[in-house]
Amino acid sequence: MALIPEKFLEILGIKKIEEKELVAKKLIGSSEENGEVKEIINPYTKQPTTKYVKCNIEDAKRALEVAKNAFENTKKSTLAQRIAWIEDVAKKLQEKKEEFAKYITLEVAKPISHARVEVERCIENLKICAAEGYHILGETIPTDATFTGAKTTAFYKRVPAGVVVAITPFNFPLNLVAHKLGPALIAGNSVVLKPTPEAPYTAYAFAKLFIESEYAIPNALSVVYGDADVGSTLVTSPIPRVISFTGSVAVGKIITQSAGIKKVSLELGGNAATFIESSANLDYAASRCAVGAFANSGQVCISLQRIYVDEKVYEEFAKKLGDEASKLKVGNPFEEDTFMGPLINEEAAIRAENWIKSAVSEGARIIAGGKREGNILYPTILADVTDDMKIVCEEVFAPIVSLVKVRGYEEAVEKMNNSPYGLQYSMFSNRVDLMNRAIEDFEAGGVIINDIPTLRFDIQPYGGIKLSGIGREGPKFAIEEMTEIKSIIIR
């Protein structure tokens with residue numbers, strides 16, 4: 001259960017919220033009488049905004065049993081019902097778009113204009129999932145194509161995998177939930193969702209749209225809140241067939257070691273980089289790089305963290321990027337023109353500040369930002385960064401970007417690829433030959449030409465290599481992750 005205190009209803013523009021329903025009947029979770037109540041503090045106002053009741057190990061086991069039983073119905077449901085279900089949720093979300101944007105800003109302090117974009121993306125994501133339902137297809141196989149074969153009627157079909165455990169992070173508390181629920185449910189699975197504890201009401205309100213839909217399959221979706229013990233229970237249980245996780249590399253490693261024989265899909269972040277080649281449009285590149293580095297306070301898996309700049313244009317580009325950063329409004333996420341709000345908590349801000357101090361002590365220079373006020377770390381650009389500095393080796397997850405001078409394309413590629421991560425890389429250049437080479441040379445799950453590596457369209461396949469993860473998101477590709485191939489032969 002997740003609640004919003006009465007004093008925030010006016011902020012949301014909502015006259016009434018039914019807070020007490022769906023505690024144990026439809027959303028699987030503890031009640032206030034027997035569970036620990038946790039408060040969520042808004043990262044900007046430092047005031048309590050929502051609260052939730054933590055689930056325990058027994059709650060997690062109960063949710064899994066409910067999902068296991070529900071799968072008997074979800075796998076037999078018609079595709080028409082599931083398509084109508086997802087379309088209905090998209091329609092209801094469209095009607096409540098502004099409310100959901102405010103939920104996001106209340107809980108994680110994402111600037112309200114950016115929160116609205118997240119809600120819009122979520123709606124689009126659901127519509128794409130519904131449309132992909134028509135394309136969950138199989139294929140006939142010519143079994144007489146080999147001399148040892150024979151003429152038969154042979155084909156394969158995709159079938160739902162089973163129970164899906166979905167674990168989601170705080171940085172996109174609505175759309176990343178949709179990236180898991182939409183594909184899982186349209187494919188005919190049942191789901192246990194463990195959303196981020198930083199945004200419990202956003203997940204609660206979204207889950208209600210699914211559960212209360214007239215097309216809902218009973219008990220197909222359960223929600224549990226909890227810490228590592230709940231997550232471990234969900235992952236190690238023999239009931240789930242699919243574990244879909246977005247989060248840190250450290251937790252991703254634990255999941256791969258403890259999940260057992262299951263389908264595991266991991267989106268574990270990265271250390272996104274771009275190369276500014278000497279022929280690039282520097283004004284355009286600087287404006288886009290400022291967005292890529294500082295959107296959502298750098299709390300994005302594909303946030304631009306490393307910029308390799310050709311030495312011929314290094315100083316010119318550094319100045320232009322600094323000018324772009326100075327234009328960004330930082331502060332109150334409830335104000336329409338705010339571009340960047342606080343980090344999720346002060347611990348994260350202090351950690352990032354210490355990384356900056358460490359880099360400066362090793363020879364880097366600050367050309368913009370570097371200042372912290374509570375949870376807010378101002379957009380920071382570091383120049384003269386070298387390969388051995390921690391700030392370019394690890395994922396920062398903060399509004400910090402490093403400039404590294406290189407002698408040209410070959411050196412840039414070598415340095416970009418010299419990373420344990422490989423989510424998305426990009427390059428700015430007007431040279432077609434280098435564009436074609438970059439597509440082949442960049443060791444990443446995604447390559448973007450003449451834009452930032454932070455660019456993502458929800459319809460595309462999205463995921464990384466190396467420590468950045470396993471599997472792909474995007475409705476079509478996530479459906480493949482959450483289904484099994486069943487092969488049939490008729491003689």
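Atoms considered below: every heavy atom in the structure, side chains included; atoms not considered: hydrogens, waters and symmetry mates. Quick note: residue numbers are just sequence positions, from 1.
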- Item | Charged N-O contact under 4.0 Å between Glu212 and Lys92 | no
- Message: Are the side chains of Leu193 and Lys180 in contact, using a 4.5 Å heavy-atom criterion?
- Response: no
- Message: Any salt bridge linking Glu336 with Arg116? Criterion: basic side-chain nitrogen under 4.0 Å from a carboxylate oxygen.
- Response: yes
- Message: Using every non-hydrogen atom in the two residues, find where Phe397 and Cys301 come nearest and quote the distance to one decimal.
- Response: CE1-N, 3.9 Å
- Residues Leu434 and Glu277: closest non-hydrogen pair is CD1-CG, 3.7 Å
- salt_bridge(Lys91, Asp88) N-O dist < 4.0 Å: no
- Is any side-chain heavy atom of Gln424 closer than 4.5 Å to a side-chain heavy atom of Ile448? yes
- Task: Compare all side-chain heavy atoms of Val300 with those of Arg456 and state whether any distance is below 4.5 angstrom.
- Result: no
- Item | Min side-chain heavy-atom separation Val291-Thr454 under 4.5 Å | no
- Kindly say whether Thr233 contributes a backbone atom to a donor-acceptor pair with the side chain of Lys61 at under 3.5 angstrom? no
- Task: Taking atom types as modelled, find out whether Glu107 and Thr202 have a side-chain donor-acceptor pair closer than 3.5 angstrom.
- Result: yes
- Query: Thinking salt bridges, do Glu410 and Arg437 make one under a 4.0 Å N-O criterion?
  - Reply: yes
- Query: If you look at every heavy atom in Ile83 and Ala130, which pair is closest and at what distance?
  - Reply: CG1-O, 3.8 Å
- Message: Taking the six-membered ring of Tyr409 as reference, does the cationic atom of Arg431 (NZ for Lys, CZ for Arg) lie under 6.0 Å from its centre and within 45° of its axis?
- Response: no
- Message: Other residues, nucleotides and ligands only: do more than 12 of their heavy atoms fall within 6.0 Å of NZ on Lys476?
- Response: no
- Task: Indicate yes or no: at least one non-hydrogen side-chain atom of Phe442 is less than 4.5 angstrom from one of Met427.
- Result: yes
- Task: Provide the closest heavy-atom pair for Ser297 versus Leu343 in the form atom of the first, atom of the second, distance.
- Result: O-CD2, 3.5 Å
- Message: Under the criterion side-chain contact (heavy atoms from CB on, under 4.5 Å), I'd like the reasoning laid out for Lys38 against Tyr225: C-alpha separation, chi angles, the key distance, then a yes or no.
- Response: CA-CA 10 Å; Lys38 301 285 289 184; Tyr225 301 103; over 6 Å; no
- Message: Using only atom types and a distance under 3.5 Å, with no angle test, would you say the side chain of Asp458 pairs donor to acceptor with the backbone of Gly474?
- Response: no
- With respect to Cys122, which candidate in Val177, Ile104, Leu174 satisfies the side-chain contact (heavy atoms from CB on, under 4.5 Å) definition? Leu174
- Give me the ring orientation class for Phe100 and Tyr103: parallel if the planes are under 30° apart, tilted from 30 to 60°, perpendicular past 60°. perpendicular
- Message: Applying side-chain hydrogen bond (donor to acceptor under 3.5 Å, both in side chains), can you list everything that pairs with Thr483, at least two apart in sequence or on another chain?
- Response: Arg158
- Query: Short question: side chain of Ser426, backbone of Asp451 - any donor-acceptor pair under 3.5 Å?
  - Reply: yes
- Query: Between Gly188 and Thr74, what is the shortest heavy-atom contact and its length?
  - Reply: O-OG1, 2.8 Å
- Can you measure from CD1 (Ile211) to CG (Leu221) and round to the nearest 0.5 angstrom? 4.5 Å
- Item | Side chain to side chain, Phe428 and Ile307, heavy atoms closer than 4.5 Å | no
- Query: Should Leu176 and Pro169 count as side-chain neighbours, where that means a heavy-atom distance under 4.5 Å?
  - Reply: yes
- Query: Within 45 degrees of the axis of the six-membered ring of Phe170 and under 6.0 Å from its centre: does Lys110 put its NZ or CZ there?
  - Reply: no
- So, for Pro453 and Ala273, which heavy atoms are closest and what is the spacing to 0.1 Å? CG-O, 3.6 Å
- Message: Test: ring-ring contact (aromatic ring centres under 6.0 Å, His included). Region: residues 452-491. Which pairs qualify, not counting sequence neighbours?
- Response: none
- Message: Contact between Val165 and Lys194 at the side-chain level, heavy atoms closer than 4.5 Å - yes or no?
- Response: no
- Message: Just verifying a value: how many Å separate Phe206 CZ and Leu93 CG, rounded to the nearest 0.5 Å?
- Response: 6.0 Å
- Message: Which residues pass the side-chain hydrogen bond (donor to acceptor under 3.5 Å, both in side chains) test with Asn271, not counting sequence neighbours?
- Response: Gln305, Arg306
- Would you call Glu120 and Lys97 a salt bridge, taking side-chain N to carboxylate O under 4.0 Å as the test? yes
